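Below is one structure; the comments refer to it alone.
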Amino acid sequence: MLYIGVDLGTSAVKLLLMDECGGIHKIVSKEYPLEFPKPGWSQQKPEDWWTQTMCGLKELTSECDKSQIAGISFGGQMHGLVVLDKDDNVIRPAILWNDGRTGKETDYLNNVIGKQKLSEYTANIAFAGFTAPKILWMKENEPENFAKIAKIMLPKDYIAYKLSGVHCTDVSDASGMLLFDVKHKCWSKEMMEICSVKEEQLAKIFESYEVVGNILPDVANELGFSPDVKIVAGAGDNAAAAVGTGTVGDGMCNISLGTSGTIFISSKNFCVDDNNALHAFAHADGSYHLMGCMLSAASCNKWWMEDIIGTKEYGKEQEGIKKLGENNVFFLPYLMGERSPHNNPDARAMFIGMSMDTTREDMTQAVLEGVAFGIRDSFEVAKSLGIKIEKTKICGGGAKSLLWKKIMANVLGIRVEVIESEEGPGYGGAMLAAVACGEYASVEEAAEKLVKVVGAVEPDAELTAKYEEKYQKFKKIYPTVKCLY
């Protein structure tokens, strides 16, 4: 049988066709525009996601036996606010995860409602990118649109709805809304009241590997699929990527170097750190996870390469970088503000430490190291909880760089494992579809059988010691310059 994983990203939807043995038959990517109507704002049209997903599905399956397609599932950008009216039409462009307009609302939630209560209700505190502050922003700034809301959805769930007709979400993606009681896996009555939201406006909750319904007959007909194709809940992009990298079960770790950067630690047990520096979310395998998220990761390198020095030859720019652990230039990777662990949408990027002998390679190296140091900030929080992490998987566009993987291994001081397929959320989505259709008994079984480690970067004791010294300097920079933002 064949399974489709739909990775609804920020810049494109990436679709993957996988067989029951985990073999990837085809991958298709379809881009769509991103809107920045005001500084710090970021939004997209859900209709564009749907149009491009349908185009992608047609291209993805154009050469296969469509009768073999059994299920479709998802990984998707988290936290985005999609609002539908009573006729299920989109009311306004979706406000995305990297949108920073909700500073006032985030302050209200954290400081008036209070972080302790938010953590009690949802296991998390408010971040500017989360969904609940966006709902409050809409209530204050677009009251006419707010009054029209019949359904509140997340990005990938809008695609699942368009395919199945079911208003659904999964526990991992719902965890990032600040409306969800993560510990008990249900909507929080207190948060609904705070946000003036009724439960009927929210989607039905599923585990990530559960079937939400069959594909709608008219959609099946347009695609040439069987009407028996199962639509499966799927997961937020990081949980789906974790499935795709085999980061399931207890104490497993995955680092994703995509547009944003994450460190993802799976756990059988629910836990929260005292300062809520890490997100405490439900996982796609039925358990829980902790996650540190930085808003700019591989996007820092893209910005530096393409917008500043004007090249797309990433590999060539990294060839001249030889002196790891000896760079005197530091880079704060806060181009879009920062989430974990600083929770400051006003934080901004900066270079520090340049001199007359600073080279282009030094600057490029500083960008790569700055992202690694940012990941380590969250890694340190996890360690403070007594979580012992000796190795990590790695995925995302940045994971294609051997140099970046070497920097990461030595900044963290742990083994960085490379897997056969680095397709992350799309592959994880296809695996969830396979589990839902009965191909595997559990997400853990699917990960054990399908995810293969094909290489690793080991930390070097001498280099790790050098990076330890550099990290101790790096972590002093943000507190020092915070007052300037």
Side-chain angles (χ1 to χ4, degrees), residues 8 10 33-50 76-115 117-118 121-122 124-162 165-169 173-181 186-205 236 337 345:
L8 190 78
T10 313
L34 187 59
E35 301 172 356
F36 302 104
K38 292 185 181 181
W41 289 26
S42 179
Q43 57 189 45
Q44 278 175 332
K45 293 184 173 69
E47 299 91 338
D48 291 343
W49 300 335
W50 174 238
Q77 51 166 301
M78 296 178 69
H79 316 301
L81 176 63
V82 180
V83 283
L84 308 181
D85 65 18
K86 61 183 176 57
D87 299 315
D88 285 334
N89 294 314
V90 175
I91 295 170
R92 70 166 332 279
I95 307 175
L96 301 191
W97 60 274
N98 56 354
D99 186 282
R101 75 183 73 184
T102 61
K104 176 183 172 184
E105 291 75 20
T106 303
D107 286 344
Y108 166 75
L109 288 168
N110 283 331
N111 300 320
V112 178
I113 300 301
K115 293 179 179 179
K117 284 187 177 179
L118 294 181
Y121 300 154
T122 72
N124 294 277
I125 59 174
F127 290 80
F130 279 13
T131 317
K134 293 168 185 163
I135 294 169
L136 291 175
W137 180 91
M138 203 175 158
K139 180 184 176 184
E140 174 72 21
N141 294 278
E142 298 180 354
E144 291 182 8
N145 282 338
F146 184 82
K148 296 177 187 174
I149 296 175
K151 274 288 181 283
I152 294 167
M153 303 196 76
L154 293 161
K156 77 168 191 340
D157 301 328
Y158 176 72
I159 304 301
Y161 156 71
K162 293 289 283 185
V166 179
H167 297 103
C168 57
T169 192
D173 216 356
S175 295
M177 295 180 75
L178 205 72
L179 289 166
F180 188 67
D181 178 344
C186 62
W187 296 118
S188 163
K189 289 181 170 55
E190 294 88 353
M191 289 308 300
M192 285 190 285
E193 186 175 332
I194 289 165
C195 295
S196 303
V197 169
K198 298 174 183 174
E199 189 159 358
E200 55 263 32
Q201 292 175 294
L202 298 170
K204 185 179 178 183
I205 301 162

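Just so it is clear, the structure is predicted and the values come from calculations on it, not from any experiment.
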Distance (rounded to the nearest 0.5 Å) between Asp173 CG and Lys156 NZ: 3.5 Å
Do the side-chain N and O atoms of Thr10 and Trp97 include a donor-acceptor pair separated by under 3.5 angstrom? yes
What one should report as the nearest heavy-atom pair of Trp49 and Tyr158 is CE3-CD2, 4.4 Å
Phe130 and His79 aromatic ring geometry - parallel, tilted or perpendicular at 30°/60° bounds: parallel
Measure the shortest side-chain to side-chain distance between Leu118 and Met191 over non-hydrogen atoms and say whether it is less than 4.5 angstrom. yes
Flag the pair Met177 / Leu154 as yes when at least one side-chain heavy-atom distance between them is below 4.5 Å, and no otherwise. yes
Would you compute the distance between atom CE of Met138 and atom CZ of Phe146 and round it to the nearest 0.5 angstrom? 8.0 Å
With heavy-atom distances below 4.5 Å as the criterion, would you say the side chains of Pro33 and Gln44 are in contact? no
Is there side-chain contact between Lys148 and Val83, with at least one heavy-atom pair below 4.5 Å? no
First locate atom CZ of Arg101, then atom OG1 of Thr106, and finally report the distance between them rounded to the nearest 0.5 Å. 12.0 Å
What distance separates Gln43 CD from Ile95 CD1, expressed to the nearest 0.5 Å? 7.0 Å
Exactly one of Ile194, Ile125, Thr102 should register a side-chain contact (heavy atoms from CB on, under 4.5 Å) with Leu109. Which one does? Ile194
Take Cys168 and Tyr161 through the side chain to side chain contact (heavy atoms under 4.5 Å, CB included) test and state the conclusion after the steps. CA-CA 7 Å; Cys168 57; Tyr161 156 71; 5.7 Å; no
Taking the side chain from Asp107 and the backbone from Glu105, do they hold a donor-acceptor pair closer than 3.5 Å? no
Non-hydrogen side-chain atoms of Ile91 and Leu84 separated by less than 4.5 Å: no
Between Lys139 and Ser196, a side-chain donor and acceptor under 3.5 Å: yes
At their closest point, which heavy atom of Pro46 faces which heavy atom of Pro93, and how far apart are they? CD-CA, 4.4 Å
Thinking salt bridges, do Lys134 and Asp99 make one under a 4.0 Å N-O criterion? no
Determine yes or no for a side-chain-to-main-chain donor-acceptor pair under 3.5 angstrom, with Asn141 supplying the side chain and Trp137 the backbone. yes
From Lys86, Arg92, Lys198, Gln201, residue fulfilling side-chain contact (heavy atoms from CB on, under 4.5 Å) relative to Ile149: Gln201
Aromatic rings Trp187 and Phe180: how do their planes relate, parallel, tilted or perpendicular, breaks at 30° and 60°? perpendicular
If every non-hydrogen atom of Leu179 is compared with every non-hydrogen atom of Met192, which pair is closest and at what distance? CD2-N, 4.4 Å
Heavy-atom distance under 4.5 Å between the side chains of Asp85 and Lys151, does that happen here? no
To the nearest 0.5 Å, atom CD of Glu200 lies from atom CD1 of Ile152 at 10.5 Å
Working to the nearest 0.5 Å, report the span between CG of Asp157 and OG1 of Thr169. 3.5 Å
Does some side-chain heavy atom of Lys104 sit less than 4.5 Å from a side-chain heavy atom of Tyr108? no
Asn110 side chain vs Gly114 backbone, donor-acceptor pair below 3.5 Å: no
